[in-house]
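Model, not experiment: these values are computed from the prediction. Note that these values count all heavy atoms, side chains included, but never hydrogens, waters or copies made by symmetry.
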Amino acid sequence: MNFLRKNSLYIRIVITFLLAMVLQEKLLEGPAWTTYYNSMDLGPGSIGSPAQADTPVAHSIAEMEQLDRFRVERVQNDWNDHEGGSYLSSGYYWLLTLDSGEQIAMQYNLDGDEYDPMRNYWGSPIGVWRPWELTDQDRAILAREAPDLATTEYYADMQGNHEDAMDKEEFVEAYKYSVLFGFVVLLCLLQVLWGLFRRRQAEITRVRNDLELWLTGTYAIWAQFFAGWVLDNPEIAQNGPFYIGAIPRTRAFVKMMKKVLDDSWEITNYQELLETVEYMSEGPGYQHSEGDPASLAWELCRSMQLLGCAYMVGWCSREELIRRSCVVGRIMQKDFQSWEELCQGFLDGFSAWRLSGGQDPGDLAAVQQRADIYWAIRRRADSPYNLPWQMELKG
């Protein structure tokens, strides 16, 4: 556990990087590739893709002008049997004479055409009739190399985006590092936001004002010991911040506190906790302790402790916690005259409980530890014991 806590930053970095790699691969090969594929219009029926059975055949320029998409066919005795073409500023354009006798220029996807030597057949990919933007130099080249073109205002686009498009493997390779970096940044940002959220959640149990400090002070000896024990840091017990219910409200601490309530008190829900508090602060536990300061402080301080734990695990609101705690606090003010009396009574009560089975060195050390925590709290500038004992408890 200590190893994980001390190296948590490095562990989070490694986990973040590994998670980013997994997410990057899934994104690029899944949704990202699909989005790219669709945005480039590379699927079946797209311009430049192989002609389908229902793709109409255009035999003339007039038919091309009328059709949204089309294909062209011709008799071809060899895959290289064509009319040549010209290199222009926007790429290479093939020449083709239609059944109408009109010669046109076209660009087409070489992977999308069809050649069948058995039938002396060549069929084009799916195409559209597009306006042709030519430079003066392009027009001069066509005038020299393709003087029989029927028009230089339009051409047949049977290439679409296939010429510039990447296949899946190229796409993944092209974007893997940028996407990986993006995921690392995103995951780091999410970790920062999650850390801020957890810190804010944890601070929910932090004491906010003098009234809450007074109420928490009634069980601060136990609370500071418990916080130091949970965090495995004796310094916390001496100088750690004051929390309602002893510790911050985190998922792990809430789970642990519920286990403590179950194991030590046989309390598994809020109703059982309230019944225990009533028993110790007003019922038989309190009544049997009257006249014995140690027993009385032991019952009342632990009643306040349980109410603080109820809020820490989320069983009650802050308003309800303060209201119920003020009731117990006013009973304390009636039965004790000062912080010193209450705390000494609690220490005596703890000593009687802990040493009831004998004078074991571990038990004696525990009693001394509680006394040391009490004196450490008294010396602090933010000590609840600096507040007036008879402060008005209203909530």
**Q** Quick check on Tyr36: does its OH atom have over 12 non-hydrogen neighbours (other residues, nucleotides or ligands) under 6.0 Å away?
**A**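 Buried by this count: over 12 neighbours within 6.0 Å.
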
**Q** Tell me whether the count of non-hydrogen atoms from other residues, nucleotides or ligands lying under 6.0 Å of CD in Glu65 goes above 12.
**A**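 Correct, the count exceeds 12.
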
**Q** Assess whether atom CD of Gln390 is packed by more than 12 heavy atoms of other residues, nucleotides or ligands within 6.0 Å.
**A** yes

**Q** Is it true that the side chains of Glu299 and Ser289 contain a donor and an acceptor less than 3.5 Å apart?
**A**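 Ser289 and Glu299 do not have a side-chain donor-acceptor pair below 3.5 Å.
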
**Q** For Asn209, does the CG atom sit with more than 12 other heavy atoms under 6.0 Å from it, leaving out its own atoms?
**A**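 Buried by this count: over 12 neighbours within 6.0 Å.
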
**Q** Would you say that more than 12 heavy atoms from the other residues, nucleotides or ligands in this model lie under 6.0 Å from the CD of Glu169, or not?
**A** no

**Q** Backbone N or O of Ala310 within a donor-acceptor pair of the Tyr270 side chain at under 3.5 Å?
**A**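 Answer holds: no.
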
**Q** Distance-only, no hydrogens or angles: does the Arg323 side chain make a donor-acceptor pair with backbone N or O of Glu319 under 3.5 Å?
**A**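 Not at all, since once roles are kept as given, no pair shorter than 3.5 Å links the two residues.
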
**Q** As a quick check of understanding, evaluate side chain to side chain contact (heavy atoms under 4.5 Å, CB included) for Phe226 and Val260, giving each step before the final call.
**A** CA-CA 11 Å; Phe226 188 75; Val260 169; 4.2 Å; yes

**Q** Working note: Ser46 + His162, criterion side chain to side chain contact (heavy atoms under 4.5 Å, CB included); need CA distance, chi angles, decisive distance, verdict.
**A** CA-CA 10 Å; Ser46 65; His162 288 267; 3.5 Å; yes

**Q** Report yes or no: does Gln305 contribute a side-chain atom to a donor-acceptor pair with the main-chain N or O of Gly245 at less than 3.5 Å?
**A**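 It does not hold such a pair.
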
**Q** Below 4.5 Å, heavy atoms only, C-beta onward: do Leu98 and His59 meet side chain to side chain?
**A**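 No, every pair of side-chain atoms sits at 4.5 Å or beyond.
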
**Q** Are the side chain of Gln24 and the backbone N or O of Tyr175 linked by a donor-acceptor pair below 3.5 Å?
**A**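 Looks like no, no N/O pair under 3.5 Å.
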
**Q** Looking at Ile247, Thr205, Val313, which hits side-chain contact (heavy atoms from CB on, under 4.5 Å) with Phe253?
**A** Ile247

**Q** Which heavy atom of Gln333 sits nearest to which heavy atom of Met391, and what is that distance?
**A**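 What the structure gives for the nearest pair is NE2-O, 2.8 Å.
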
**Q** Tell me, yes or no, whether the heavy-atom count around Lys259 atom NZ, taken from other residues, nucleotides or ligands under 6.0 Å, exceeds 12.
**A** no

**Q** I'd like to know whether CG of Asp263 has more than 12 heavy-atom contacts from other residues, nucleotides or ligands below 6.0 angstrom.
**A**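 Atom CG in Asp263 is packed in, count exceeds 12.
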
**Q** With distance as the sole test, does Trp129 use its side chain to make a donor-acceptor pair with the main-chain N or O of Ala62 at under 3.5 Å?
**A** no

**Q** Is there a continuous path of hydrophobic side-chain contacts, each under 4.5 Å between heavy atoms, that joins Met106 to Tyr121?
**A** no

**Q** Could you tell me which residues satisfy salt bridge (Lys or Arg N to Asp or Glu O under 4.0 Å) with Glu272, sequence neighbours excluded, listed by chain and number?
**A** none

**Q** Relative to Tyr311, does Arg249 satisfy both conditions: NZ or CZ under 6.0 angstrom from the six-membered ring centre, and within 45 degrees of the ring's axis?
**A** yes

**Q** Should the heavy atoms of other residues, nucleotides or ligands under 6.0 Å from CD of Gln287 be counted, would the total exceed 12?
**A**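 Counting neighbours around CD of Gln287, more than 12 heavy atoms of other residues, nucleotides or ligands fall under 6.0 Å, so yes.
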
**Q** Please step through ring pair (Phe, Tyr, Trp, His ring centres under 6.0 Å) for the pair Phe181 and Tyr177, ending with a clear verdict.
**A** CA-CA 6 Å; Phe181 176 76; Tyr177 293 114; over 10 Å; no

**Q** Give the ring-plane orientation class for Trp222 versus Tyr219, where under 30° counts as parallel, over 60° as perpendicular and anything between as tilted.
**A** tilted

**Q** Before giving the answer on side chain to side chain contact (heavy atoms under 4.5 Å, CB included), spell out for Glu341 and Trp389 the whole-Å C-alpha distance, their side-chain angles and the decisive distance to 0.1 Å.
**A** CA-CA 10 Å; Glu341 277 192 21; Trp389 172 248; over 6 Å; no

**Q** Could you check Val367, Ile221, Leu355 and say which one makes a side-chain contact (heavy atoms from CB on, under 4.5 Å) with Phe350?
**A**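 The passing option is Val367.
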
**Q** Taking only Lys NZ, Arg NE, NH1 and NH2, and the carboxylate oxygens of Asp or Glu, determine whether Glu83 and Arg74 approach each other closer than 4.0 Å.
**A** yes

**Q** Under a single-linkage rule joining Ile, Leu, Val, Met, Phe, Trp and Tyr whose side-chain heavy atoms are separated by less than 4.5 Å, which residues share a cluster with Val57?
**A**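 Listed partners: none, Val57 stands alone.
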
**Q** Between the main-chain N or O of Ile61 and the side-chain N or O of Glu102, is there a donor-acceptor pair closer than 3.5 Å?
**A** yes

**Q** Please step through side chain to side chain contact (heavy atoms under 4.5 Å, CB included) for the pair Met158 and Asn109, ending with a clear verdict.
**A** CA-CA 6 Å; Met158 300 174 178; Asn109 174 26; over 6 Å; no

**Q** Go through the side-chain N and O atoms of Asp138 and Tyr93 and say whether any donor and acceptor fall under 3.5 Å apart.
**A**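 Absent: no donor and acceptor within the cut-off.
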
**Q** Verify whether one side chain among Tyr374 and Arg370 offers a donor that lies under 3.5 Å from an acceptor in the other.
**A**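 Judged by distance alone, the side chains do not pair up.
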
